[in-house]
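Both backbone and side-chain heavy atoms feed into the values below; hydrogens, waters and symmetry mates do not. Below, chains carry the letters A, B, ... as their sequence lines are ordered, and counting in each starts from 1.
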Protein chains: 2
Amino acid sequence: MEYKISELAGICNVNKETIRYYERKSLIPKPYRNNSGYRIYGDSTVKRVSFIKKMQDLGFSLSEIYKLLGIVDKDSDRCQDMYQFVSEKQMDVEKKINDLKHIQKVLSNLKDCCPNERDLYACPIIENVLDDSG
Amino acid sequence: MEYKISELAGICNVNKETIRYYERKSLIPKPYRNNSGYRIYGDSTVKRVSFIKKMQDLGFSLSEIYKLLGIVDKDSDRCQDMYQFVSEKQMDVEKKINDLKHIQKVLSNLKDCCPNERDLYACPIIENVLDDSG
DNA sequence: CTTGACCCTGTACTATGGTACAGGGTTTAT
DNA sequence: ATAAACCCTGTACCATAGTACAGGGTCAAG
C-alpha cells in the first residue's frame with residue numbers, strides 16, 4: 001500500500017507536521033517522492049511511526065528511539081554500545097514497573113477510601129505516596 | 001529540621017532553580033522567609049519535592065501532579081473531578097504496566113539472542129516490537 | 001477553468017520543564 | 001574587613017517535541 005502524508009498521519013493518529021518533523025530528525029527515512037514532489041510512504045513507515053509513538057508513551061525519548069531504530073536500520077554507528085544501552089533500559093523499565101505498581105495501589109486506595117467524590121479532598125491516603133516515596 | 005534552598009535542593013537531588021520554578025508554578029507553597037529574605041523550608045517540602053520528582057519519573061506531568069497535590073492541600077477547586085481523574089489515571093497506569101512488560105520481554109530477547117555486542121545490529125528480534133506494537 | 005483540497009519549503013511560534021545569567025544583598029571564615 | 005560562598009529578583013535562554021503559517025505548486029470535480 002502507498003500513502004500520502006495525510007493518509008499516513010491519519011493511520012498513525014499523528015499530525016502530518018509530526019511526520020515531517022520525524023523525517024527532519026531522521027527517525028523515519030526520506031520517503032520516495034512522486035512526480036509532483038509529494039512524499040509517498042509504504043507500510044513499513046506506518047509500522048515505524050506506530051513504534052515511535054508506542055515507545056514514546058512508555059517514556060522513551062526520541063533520541064533513545066532513534067538509537068533503538070539503529071538495529072532496524074542495521075546502522076553500526078547507532079548500534080555502538082547498544083548492548084549496554086539495552087541493559088540500562090532493562091533496569092529503568094524494571095524500576096518503572098515497580099513504581100507504577102505502587103502508584104496503582106495508591107490510586108486504588110484513594111478511590112476505595114473515599115467513594116464519595118466530595119470527600120476526596122479530605123482523603124488521608126494520598127499522604128502515603130509521600131510517605132512511601134522516599 | 002529547617003533548610004535553605006540549596007540544602008533542600010541537595011536533599012531532593014534537584015537544581016535550586018527547579019525549587020524556585022516549582023514555587024512559581026505553585027507546586028510547592030511559598031516558604032517562610034527569614035530576616036534576610038532567604039527561603040526557609042521544612043521536612044514537608046522535602047517530601048513534597050520528592051513526591052513531585054517520583055510522579056514525574058512515572059510519566060505524570062507537572063499539571064497532573066499539581067492536581068493530585070490538591071488533595072494534600074485540601075483545595076476543593078483542584079479536587080473538582082478528582083474521582084474521574086483518578087479513574088482515568090488508573091487505566092493509564094494499568095496500560096503502561098502492560099506495555100512496559102512487553103518492552104521488558106523484547107529487551108530481554110534482544111540480549112539473549114545476540115550475546116555478542118557486535119551482532120546486535122543484525123538482531124532480528126527488534127522487529128517484534130514493530131510487529132506487536134500495532 | 002476555477003475552486004477547494006491537497007502537497008511543498010522554510011521559518012516562526014508554542015508548551016513544558018527547566019537552567020543560566022546579571023546585578024545586587026548577606027553571611028561566614030580567615 | 002574582605003573574599004568566598006551563599007541568597008535574592010528578574011529576565012533570558014535552553015532542549016524537547018511538536019504546531020502553525022506564509023507563500024507557492026498540484027490535482028480532481030463541477
Can you tell me if [X] touches the phosphate of [N], counting only side-chain N or O atoms and a distance under 4.0 Å to OP1 or OP2?
| X | N | value |
| --- | --- | --- |
| Ser63(B) | dT16(C) | no |
| Ser6(B) | dC7(D) | yes |
| Gln56(B) | dT16(C) | no |

To the nearest Å, how far apart are [X] [atom1] and [N] [atom2]?
| X | N | atom1 | atom2 | answer |
| --- | --- | --- | --- | --- |
| Arg33(B) | dC6(D) | CZ | P | 19 Å |
| Leu27(A) | dT16(D) | CG | P | 12 Å |
| Lys30(B) | dC8(D) | NZ | C1' | 13 Å |
| Glu2(B) | dC7(D) | CD | P | 14 Å |

**Prompt:** Can you tell me if Glu88(B) and Gln84(B) form a side-chain donor-acceptor pair at under 3.5 Å?
**Reply:**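 Side-chain D/A pair, Glu88(B) to Gln84(B): present.
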
**Request:** To the nearest 0.5 angstrom, please state how far the SG atom of Cys12(A) sits from the CD1 atom of Ile19(A).
**Result:**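 If we round to the nearest 0.5 Å, Cys12(A):SG and Ile19(A):CD1 are 5.5 Å apart.
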
**Prompt:** How long is the span from the CD1 atom in Ile40(B) to the NZ atom in Lys4(B), to the nearest 0.5 Å?
**Reply:**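 Answer for the CD1-NZ pair, Ile40(B) versus Lys4(B), is 6.5 Å.
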
Ion pair check, [X] and [Y], cut-off under 4.0 Å:
| X | Y | result |
| --- | --- | --- |
| Lys89(A) | Asp92(A) | yes |
| Glu23(B) | Arg20(B) | no |
| Asp99(A) | Lys96(B) | no |

**Asked** Which parts of nucleotides 24-30 of chain C does protein reach within less than 4.0 Å, heavy atoms only, written one letter per nucleotide 5' to 3' as B for base, S for sugar-phosphate only and - for none?
**Response** -BBS---

**Request:** Taking the side chain as every heavy atom from C-beta outward, state whether Tyr38(A) and Ile5(A) have any atom pair closer than 4.5 Å.
**Result:**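 Result no, sub-4.5 Å side-chain heavy-atom pair not found.
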
**Prompt:** Do Tyr66(A) and Lys25(A) come close enough that some side-chain heavy atom pair is under 4.5 Å?
**Reply:**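 No. Closest side-chain heavy atoms not under 4.5 Å.
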
**Prompt:** Near DNA chain C, which residues from residues 7-25 of chain B have a heavy atom under 4.0 Å away?
**Reply:**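 DNA chain C contact set from residues 7-25 of chain B: Asn15(B), Glu17(B), Thr18(B), Tyr21(B), Tyr22(B), Arg24(B).
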
**Item:** Heavy atoms of other groups near Gln56(B) CD, more than 12 under 6.0 Å
**Value:**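 It does: Gln56(B) CD has more than 12 such atoms within range.
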
**Asked** What's the closest nucleotide to the Ile5(A) side chain, out of dA17(D), dC7(C), dC8(D)?
**Response**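 From the listed options, dC7(C) comes nearest.
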
